[in-house]
Trainee: 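Right, I'll just put the structure down here and ask away after.
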2 protein chains.
Amino acid sequence: MTSGKTGGAGVGGTGQPKDPKAPQTLYRKVAADLRDAIAAGAYGSGARLPAEGALAERYEVSRGTIRQALALLRADGLVTSRRGTRRVVLSDTRVQSFAELTSFARWARSIGEEPGGRTIAVVREPGRPLECEQLRLESEAYVYRVLRLRTLSGRPVMVERAVYPEWVGELVERFPREADSHSTLLEGHGVLFTDADHTIDLAPADTEDAVLLECGVGDALLRERRRSTDSTGTPVEWSDDRYLPGTVAFTVHNSTASTALSRRTSQ
Amino acid sequence: MTSGKTGGAGVGGTGQPKDPKAPQTLYRKVAADLRDAIAAGAYGSGARLPAEGALAERYEVSRGTIRQALALLRADGLVTSRRGTRRVVLSDTRVQSFAELTSFARWARSIGEEPGGRTIAVVREPGRPLECEQLRLESEAYVYRVLRLRTLSGRPVMVERAVYPEWVGELVERFPREADSHSTLLEGHGVLFTDADHTIDLAPADTEDAVLLECGVGDALLRERRRSTDSTGTPVEWSDDRYLPGTVAFTVHNSTASTALSRRTSQ
DNA sequence: GTCCCTAAGTTGTACAGCCAACTTGGGTTT
DNA sequence: AAACCCAAGTTGGCTGTACAACTTAGGGAC
């Protein structure tokens with residue numbers, strides 16, 4: 001490298017819409033550029049990536065920055081990393097990871113379907129013990145409970161029972177009934193999701209589920225319970241989502257390098 | 001710090017059995033020690049961790065090493081990390097993450113249950129198209145197909161249909177029929193799992209499932225399909241596991257910082 | 001008392017360098 | 001021909017430094 005003041009030798013890839021909330025740091029730009037390059041087939045699946053040093057020269061950044069960028073790809077399972085040999089491209093499919101999972105609407109659009117949402121009911125009442133615990137509120141604290149039916153291209157697919165603490169619920173209450181995505185609306189009000197804990201198992205449909213999803217009472221549904229928190233670790237949402245069988249599957253990549261996925265005994 | 005040659009001011013925590021395969025690097029030791037401290041309640045849930053600089057002094061390592069250690073805890077959702085303020089302890093429950101998930105036996109023991117396994121059948125035959133694709137073999141390549149019934153304290157809980165490429169299958173074929181854990185046996189032969197992709201959804205029991213799990217044909221089961229690879233990215237195992245409802249749930253932590261979890265349309 | 005601003009503390013980003021551990025390929029030896 | 005060994009290349013681990021971005025608490029102005 002020559003001087004290293006005016007950085008950037010083509011990191012402004014135009015591949016996909018960037019997450020508006022992600023800070024535009026050097027290593028994120030490099031990671032995004034490498035993602036684009038891999039998705040575009042610049043390095044075929046199974047090909048070996050250039051050495052870290054070579055990438056550092058190309059992007060005119062230090063090797064440490066390159067390593068930060070590659071760590072992101074590594075965590076998503078896009079590339080290997082083994083001491084002694086070059087990194088290898090594992091998958092050339094794009095992973096949207098976090099944002100896609102926290103928002104039903106964003107996920108739906110990413111697979112080319114039209115998301116829909118209809119709010120059935122919003123009530124404010126004292127939270128149940130489990131809910132208060134999940135939201136880290138003192139028991140009996142008031143919460144907002146929102147029942148929504150989610151559709152994919154008009155077809156009912158999922159029943160969402162979300163619970164919010166008061167400071168969030170007051171916002172959600174004012175959202176339009178037909179709003180596509182509560183999470184993007186919340187972002188507009190400064191409520192950001194940064195972490196989520198998911199529990200995935202199987203639950204029988206109750207009468208409400210059966211009516212909304214047009215299935216039989218007792219039919220098995222795929223259930224995802226989720227607690228989302230903001231950057232301070234404060235719980236923002238606790239939700240119980242139930243999907244019709246065959247409409248959705250959950251995928252996880254985990255590695256010895258990072259990522260927490262685990263089994264749990266039910267209840 | 002004074003000289004920084006003879007390292008280590010008490011990183012030899014004796015909390016839990018260490019993963020024998022994880023290299024004993026400095027930052028892993030620090031991370032393990034911090035995990036132990038958190039689990040032991042040294043910093044109550046919600047407490048603020050010491051600053052990185054303070055930890056660096058205490059452990060007599062550089063701040064960079066501390067940051068590597070904290071990144072591990074961050075990825076597991078144990079602590080927050082926000083610019084400008086100290087890290088906050090989020091959860092004081094231990095997460096075993098990878099090893100626990102890849103091995104049914106290890107998971108079972110971690111929750112205090114006695115794992116059991118009975119191999120029903122082992123056959124060598126040409127792989128089906130889906131299987132060959134998952135294992136990255138040319139189509140029609142020979143594979144080993146292993147059917148096992150897994151029990152928890154004697155109770156049948158899961159049917160495992162694993163498919164291995166020949167070089168692995170030859171090893172598995174020689175394992176005892178009642179072996180608890182194939183994955184630990186494979187480790188003994190130098191076959192290490194480092195990455196896994198999981199797909200979780202719901203599947204109806206076929207006649208074989210019904211007989212083994214003592215449930216009705218067509219009953220809904222929680223299905224986990226998993227492809228595990230070694231450190232070079234070579235697929236080592238492709239498995240279809242079906243759990244009786246109510247016996248297990250899958251949990252994931254994901255954050256904007258790392259981790260890939262996503263929805264997928266079924267099939 | 002309330003508001004505002006500043007300063008100290010803390011984490012994030014980036015850079016540079018050094019050595020260890022490991023892989024690979026090629027040449028040498030047997 | 002096969003086995004062996006060595007050197008070059010590459011990633012992992014660790015240290016040190018510097019600055020930017022952000023939070024928080026406390027003091028001062030009003």
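All values reported here derive from a predicted model rather than from experimental measurement. Naming convention: chains lettered A, B, ... in sequence-line order (proteins, then strands); numbering from 1 in each chain. Values below: every heavy atom of this structure, side chains too, minus hydrogens, waters and symmetry copies.
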Trainee: Do any side-chain atoms of residues 165-175 of chain B form donor-acceptor pairs under 3.5 angstrom with protein atoms, and if so which ones, sequence neighbours left out?
Mentor:
residue: B:E166; atom: OE2; partner: B:R124; partner atom: NE; Å: 2.9
residue: B:E166; atom: OE2; partner: B:R124; partner atom: NH2; Å: 2.8

Trainee: How long is the line joining CZ of B:R74 and C1' of C:dT11, in whole Å?
Mentor: 12 Å
Trainee: Quick check for you: among C:dT11, D:dT11, C:dA14, whose closest atom lies nearest to any side-chain atom of B:R67?
Mentor: C:dT11
Trainee: What residues form a ring-ring contact (aromatic ring centres under 6.0 Å, His included) with A:F104, not counting sequence neighbours?
Mentor: A:W107
Trainee: Partners of B:S103 by side chain to side chain contact (heavy atoms under 4.5 Å, CB included), sequence neighbours excluded?
Mentor: B:A105, B:R106, B:S181, B:S183
Trainee: How long is the line joining CZ of A:R28 and P of D:dA20, in whole Å?
Mentor: 20 Å
Trainee: Starting at atom CZ of A:R63, determine the distance to atom P of D:dG16, rounded to an integer number of angstrom.
Mentor: 18 Å
Trainee: Please enumerate all residues that pass ring-ring contact (aromatic ring centres under 6.0 Å, His included) together with A:Y27, with sequence neighbours excluded.
Mentor: none
Trainee: Without decimals, in angstroms, what is the distance between A:E52 CD and C:dT23 P?
Mentor: 16 Å
Trainee: Among C:dC15, C:dA14, D:dT11, which nucleotide sits nearest the side chain of A:L26?
Mentor: C:dA14
Trainee: OP1 or OP2 of D:dC14 sitting under 4.0 Å from any side-chain N/O of B:Y27?
Mentor: no
Trainee: Under 3.5 Å, is there a donor-acceptor pair between the A:H253 and B:D195 side chains?
Mentor: yes
Trainee: At less than 4.0 Å, is any side-chain N or O atom of A:T65 found next to OP1 or OP2 of C:dC15? Yes or no.
Mentor: yes
Trainee: Send over the distance from B:R82 CZ to D:dA20 P, rounded to a whole Å.
Mentor: 22 Å
Trainee: Using atom names, set out every protein N or O paired with an N or O of nucleotides 7-9 of chain C below 3.5 Å, distance rounded to 0.1 Å.
Mentor:
residue: C:dG9; atom: N2; partner: B:G84; partner atom: O; Å: 3.0

Trainee: Which listed nucleotide (C:dG12, D:dG12, D:dG13) is nearest to the side chain of B:T25?
Mentor: D:dG13
Trainee: Calculate the interatomic distance between B:E57 atom CD and D:dG16 atom C1'; express it in whole Å.
Mentor: 15 Å
Trainee: Given C:dG12, C:dA14, D:dG12, which nucleotide is nearest the side-chain atoms of B:S81?
Mentor: C:dG12
Trainee: If you look at every heavy atom in B:L72 and B:A31, which pair is closest and at what distance?
Mentor: CD1-CB, 3.9 Å
Trainee: C:dA14 P sits how many Å from A:Q68 CD, rounded?
Mentor: 6 Å
Trainee: For A:Y144, check ring-ring contact (aromatic ring centres under 6.0 Å, His included) against everything at least two apart and list the hits.
Mentor: none
Trainee: When the distance from CZ of B:R48 to C1' of D:dT24 is rounded to whole Å, what number comes out?
Mentor: 8 Å
